[in-house]
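Notes follow once the structure below has been shown.
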2 protein chains.
Amino acid sequence: MERQTRQRKAIRGALHQAGRPLSPTEIHALSRTRSRGLGMATVYRSIRLMVESGELVAVELPGEPPRYEAAGKHHHHHFHCRSCRRVYEVEGCPDDIDSLVPTGFSLEDHEVVLYGRCAACRR
Amino acid sequence: MERQTRQRKAIRGALHQAGRPLSPTEIHALSRTRSRGLGMATVYRSIRLMVESGELVAVELPGEPPRYEAAGKHHHHHFHCRSCRRVYEVEGCPDDIDSLVPTGFSLEDHEVVLYGRCAACRR
DNA sequence: GTCGTTGCAAAGCGTTTGCAGCCTA
DNA sequence: TAGGCTGCAAACGCTTTGCAACGAC
């Protein structure tokens, strides 16, 4: 069972306050102000436990370090702005994904990443 | 100007024969049979040069080490086998990608990754 | 002969693990 | 008090770099 330690409260607090997916390094930097002396190993161990328990989900984009966010969101994809590097959630899903699967292969899951410029950066 | 060495011929040969994106480790293993004593550093250096010269393109999948394939292919996506971890090329492309883009955003590119089991692993 | 290229080993870098002491329940 | 949790440092796996020898042109 998981214990409610000062360090884990700091990590949860940082993730909640940021409101966007954070990398382990970002989590460490932000949590450090809430729990002095917090070690990197603890950050990694906490992330791993929270992902395994379903509290967090990993957001992995091609060529990017993994980020983590609160779990429980609906099926969605991501839009990666090439200007500000921010990641946005995208509603919906292509409905003809199945037609791409080669003969003999079985499809279990899929990921779609859109690249371009977000509304804020287009101005 | 690039020189035509035994090692680079081996790497090109391995990539061509495989016909699918290869990781640096895979390239090393396959090229070693063509050029005894080939070092890992040479593989990385060659890959870097070939990508910079436009001969190869990187295939970066979420949470995976980068793989490389010959450049100049027509538009395609990838299938990632969860059993053998190999990556295959997939023909075609969802035709309603545009409908996912949020209002005000401009779409420049996209990536689709399919996950499941390949024909070889299903047997 | 030049100088780009190679193999080896060492160095980086981000992540994981071993361990003794700490602290939550 | 028990045993999960933590910080530190060492270990790891993958990639890059330094360097002297090698070899394509």
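Quick note on labels: first sequence line is chain A, next is B, and so on, each numbered from 1.
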How close or far is atom [atom2] of [N] from atom [atom1] of [X], stated in whole angstroms?
| X | N | atom1 | atom2 | result |
| --- | --- | --- | --- | --- |
| Arg45(B) | dC14(D) | CZ | C1' | 15 Å |
| Leu49(B) | dC3(C) | CG | C1' | 15 Å |
| Ile47(A) | dT6(D) | CD1 | P | 12 Å |
| Gln7(A) | dG21(C) | CD | P | 18 Å |
| Lys9(A) | dC23(C) | NZ | C1' | 12 Å |

The side-chain hydrogen bond (donor to acceptor under 3.5 Å, both in side chains) partners of Ser35(B) (sequence neighbours excluded) come to Arg6(B)

Partner set under side-chain hydrogen bond (donor to acceptor under 3.5 Å, both in side chains) for His110(B), not counting sequence neighbours: His75(B), His77(B)

The contact string for nucleotides 20-25 of chain D, one letter per nucleotide 5' to 3', using protein heavy atoms under 4.0 Å with B, S and - for base, sugar-phosphate only and none, comes out as ---BBS

Who pairs with Glu55(B) by salt bridge (charged side-chain N to carboxylate O under 4.0 Å, His left out), at least two apart in sequence or on another chain? Arg12(B)

According to salt bridge (charged side-chain N to carboxylate O under 4.0 Å, His left out), does anything in residues 17-31 of chain B pair up with another residue at least two apart or in another chain? List the pairs. Arg20(B)-Glu26(B)

If you look only at pairs with a residue in residues 74-84 of chain B, which of them pass as a salt bridge (charged side-chain N to carboxylate O under 4.0 Å, His left out), with sequence neighbours excluded? Glu108(A)-Arg82(B), Asp109(A)-Arg82(B)

Tell me which donor-acceptor pairs under 3.5 Å the side chains of residues 47-54 of chain B have, and how far apart each pair is, sequence neighbours excluded?
{"from": "Arg48(B)", "atom 1": "NH1", "to": "Glu52(B)", "atom 2": "OE2", "distance (Å)": "3.4"}
{"from": "Ser53(B)", "atom 1": "OG", "to": "Leu49(B)", "atom 2": "O", "distance (Å)": "3.4"}
{"from": "Ser53(B)", "atom 1": "OG", "to": "Met50(B)", "atom 2": "O", "distance (Å)": "3.2"}

Can you tell me how far the CG atom of Leu15(B) sits from the CD1 atom of Ile27(B), to the nearest 0.5 Å? 4.5 Å

Would you say Arg8(B) reaches dT6(C)'s phosphate, i.e. side-chain N/O to OP1/OP2 under 4.0 Å? yes

Below 4.0 angstrom, which residues in residues 26-41 of chain B have at least one non-hydrogen atom near DNA chain C? Gly37(B), Leu38(B), Gly39(B), Ala41(B)

Listing, residues 61-70 of chain A side-chain donor-acceptor contacts under 3.5 Å, not counting sequence neighbours, or none:
{"from": "Glu64(A)", "atom 1": "OE1", "to": "Arg67(A)", "atom 2": "NH2", "distance (Å)": "2.8"}
{"from": "Glu64(A)", "atom 1": "OE2", "to": "Arg85(A)", "atom 2": "NH1", "distance (Å)": "3.1"}
{"from": "Glu64(A)", "atom 1": "OE2", "to": "Arg85(A)", "atom 2": "NH2", "distance (Å)": "3.4"}

